[in-house]
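Down below is the structure, laid out as structure tokens.
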Number of protein chains: 4
Amino acid sequence: MAAAASVRPPGRPRCDATRRTILAAAYELLTEGGAKAFTIEAVAARAGSAKTTIYRWWPSKGALAVEAFREANSSAFAYPRTTSAVADLRAQLRQLTGTLRGPAGQVIAGLVAEMQGDEETRRAYLEDCIGPRRAEARRLLERGIANGELRPDLDADVALDALYGALHWRLLTRPEALDEAWVDRMLEVVLHGMAQAPTAVRPDAA
Amino acid sequence: MAAAASVRPPGRPRCDATRRTILAAAYELLTEGGAKAFTIEAVAARAGSAKTTIYRWWPSKGALAVEAFREANSSAFAYPRTTSAVADLRAQLRQLTGTLRGPAGQVIAGLVAEMQGDEETRRAYLEDCIGPRRAEARRLLERGIANGELRPDLDADVALDALYGALHWRLLTRPEALDEAWVDRMLEVVLHGMAQAPTAVRPDAA
Amino acid sequence: MAAAASVRPPGRPRCDATRRTILAAAYELLTEGGAKAFTIEAVAARAGSAKTTIYRWWPSKGALAVEAFREANSSAFAYPRTTSAVADLRAQLRQLTGTLRGPAGQVIAGLVAEMQGDEETRRAYLEDCIGPRRAEARRLLERGIANGELRPDLDADVALDALYGALHWRLLTRPEALDEAWVDRMLEVVLHGMAQAPTAVRPDAA
Amino acid sequence: MAAAASVRPPGRPRCDATRRTILAAAYELLTEGGAKAFTIEAVAARAGSAKTTIYRWWPSKGALAVEAFREANSSAFAYPRTTSAVADLRAQLRQLTGTLRGPAGQVIAGLVAEMQGDEETRRAYLEDCIGPRRAEARRLLERGIANGELRPDLDADVALDALYGALHWRLLTRPEALDEAWVDRMLEVVLHGMAQAPTAVRPDAA
DNA sequence: TAGTAAACGAGACGGTACGTCATGTCTTTAT
DNA sequence: ATAAAGACATGACGTACCGTCTCGTTTACTA
């Protein structure tokens, strides 16, 4: 029964310290110099490891970057949970904005750049970084629909594109103009819509 | 009187045919092989020109890419104009989606990637490609506000981020899932909002 | 005990086959096309190696040329040795003349040209090519002084400049006029001098 | 009769000031930075002229260098003339040595380098710079033969190679070791020979 | 005194080679 | 088997000059 777990391949086992050293070096380079400085050679040099070791464990530069990012930010995405889905959503967007304004923002921008033209990286980033958080946000929206805060016919997929797309697009094009006030305004528009409300109704809204 | 126009710098004038040949070669490579194939060497080889000629006129790879993109797509952005701002907006978004699904979409994704980490390219792309179209779209929104189709207190800047951000984010993350049906749904959400409408009112909407 | 010899630097050892291939390619180009054709790019292409490999091991074009020359001519300079220093000197000069008339002559001319303005090459050529042979020739002269064939007060350094300078100068300025007859005449002048012999002695000479 | 001289081609005549400016710039670069800095581009830039102007009048880099050298040193080679050919020869060699130790020495070394592999330069340098002075020196030797200072059977050509070859070879290989003391010793050897003086010995020699 | 032909500056252009950098694969020794 | 060290082929980078070209302007001399 415990057999499967105890089956160990022969030979020297993978050195986990090396793995972590490499990921740390990678993340440092990513935050310090952006995509420009993020080089396999530089990572190997800083980690004091051999290039071969990196190539053995990560299929591409992007995959390494993604894992380094995940490793460094694994604890950064615990979102609050209250009874109001809209309040939770606002809190989550504000927190994410804070993250994006810091060094992680640069890294994410670099990652998105890297994944254009490297399918491996795209897959890794979407599945491992975006995916889980998008799923969580989707559950949040569904909660809002269930408790009547959001429209029952809301297309959650599309709504997520609007919210997170706006955020990331701003990160990619004008990262300096990314602050909480903007997030609040953005959320307000996406929540209540651009269109003029049907007559005699809107006055109480806002 | 016409003196200012006739002032010509000394020396052999720039050969415009060469300029166009280079831009065309650049755009071909961009659409054919993506960012991977877009190399100064490759552009020079295909254009039958010298690398120096390219470096003489374009400060960076990105700047060349941006200008090549503009040159190739200069005529592609004439939007329809009716009496309805919302209808015009929908038409414009649909048309843009069509463009993004084609080869130009790949190019734009590559451009956005390139501009992360190359300030020159960022400036060129934002000012020369995004800027004008964003300004035009903003005028469209203002028209909608003026004629009562859109909320009088609409924050146009934020709304544009939501609409174009959603579109581009989808392009960058799941380009295959970019179609007109999606655009329509997205526009519907951003127009009317995610939130549940105030009671006794919404039933007739949607 | 044998530790010193067994100390091997870590990493993959230098590939000697590559080294020899590069030197051979370099020497071929040197003899075929002269200094004009001797290009790092061409050497790399012909050797089927990478430019970086060349730059890793040779500090300059000239250094590569010098080593290629040495490698190719290492066995060509075994001079005869009889009891007569003068006879040996004549033999040596004749043999050298023969070498200079062949492809090696072109190479040497190119080397001398290259070392003007490249200190590295100068050092390499003088120390590694000229030096040893000059030392050998100097010993020959000293033998001649010792056995009474040459003047006891002869300044060997100066004499070597006269003999080898004449030879090389002719190579550099009129390589086509470099033959054994000329060498014999030259040696005759330097051996017996230009000046009219002191009276009462010379009449019977010549 | 004067017709041939007065036949002037149509068009603007060659500007002599430009010619001299270019030659001066060329010589400056030659002395300042050696062959390395001697670039058509640099000459044009320093002279404030166009590259085309240079290419119009000089067939090659070497030809320009030779003419620049000649122009700058035209007045430097007036040799003294006494009744003693040997004394004149010594004076001439000493003066030449002084010249070679200065900036002109560098230039000559560069010229000799350049002429290897550029036939045009070789011809220009040999004919225009070396030739006349060699002819003059030959006349000097013939004077010495005529007045009994030098051996009647002296091969002047060979003697000149020995004297000037030694001088230039030293310039090319160890320019720092080029001084008047060395010249005197060298002349002594070539004048009186390396071989043991006759006394009852010469008969069997040769 | 206008026309014309070449000189001259400026600088664009297609090239070649440079020396450097990063990639990804490989060979070797040590653990 | 894993890891460090580093050699190696590849290919793009951005730069320096090359030699040729096309301009507009200048400077004589002819007609």
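Computed from a prediction, not measured in an experiment: that's the story for all the values here. Proteins come first, then strands; the chains are lettered A, B, ... in the order of their sequence lines, and each starts at number 1.
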(request) Establish whether the base of dA28(F) is bridged to the side chain of Arg12(D) by a donor-acceptor pair shorter than 3.5 Å. (result) no
(request) List the atom of Ala26(D), the atom of Ala68(D), and the distance in Å for their closest heavy-atom pair. (result) CB-CB, 3.9 Å
(message) Looking at dA3(F), I'd like to know if its phosphate oxygens (OP1 or OP2) sit under 4.0 Å from a side-chain N or O belonging to Arg56(A).
(response) yes
(message) If I take atom NZ in residue Lys61(D) and atom P in nucleotide dA16(F), what distance separates them, rounded to the nearest angstrom?
(response) 16 Å
(message) On the nucleotide dC8(E), are OP1 or OP2 found under 4.0 Å from the side-chain N or O atoms that Trp57(D) carries?
(response) yes
(request) Please tell me which of the listed nucleotides, dA12(F), dC23(F), dA17(E), lies nearest to the side chain of Glu41(B)? (result) dA12(F)
(message) Using the rule side chain to side chain contact (heavy atoms under 4.5 Å, CB included), only one of Ile108(B), Leu64(B), Asp128(B), Thr31(B) pairs with Phe69(B); which is it?
(response) Ile108(B)
(message) Considering every strand and a 4.0 Å limit on heavy-atom distances, what is the contact class for Thr52(B): base, sugar-phosphate, or nothing?
(response) base
(request) Quick one: pull up CD in Gln116(A) and CD in Gln116(B) and give me the separation to the nearest 0.5 Å. (result) 10.0 Å
(message) Would you say CD of Gln106(C) has more than 12 non-hydrogen atoms from neighbouring residues, nucleotides or ligands within 6.0 angstrom?
(response) no
(request) Scan Lys36(C) against the nucleic acid and name what it touches under 4.0 Å (heavy atoms): base, sugar-phosphate only, or nothing. (result) nothing
(request) Could you check how far CD1 of Ile22(B) sits from C1' of dG15(E), rounded to whole Å? (result) 14 Å
(request) Nearest whole angstrom, please: distance from the P of dA12(F) to the CG of Leu64(B). (result) 16 Å
(message) Rounded to whole Å, please give me the gap between CZ in Arg19(C) and P in dC8(F).
(response) 11 Å
(message) Please determine whether a side-chain nitrogen or oxygen atom of Thr53(D) lies at a distance below 4.0 Å from atom OP1 or OP2 of dA7(E).
(response) no
(request) Rounded to the nearest angstrom, tell me the gap between atom CG in Asp16(B) and atom P in dC21(F). (result) 22 Å
(message) Under 4.0 Å, heavy atoms only, any strand: does Lys51(D) hit a base, just the sugar-phosphate, or nothing?
(response) base
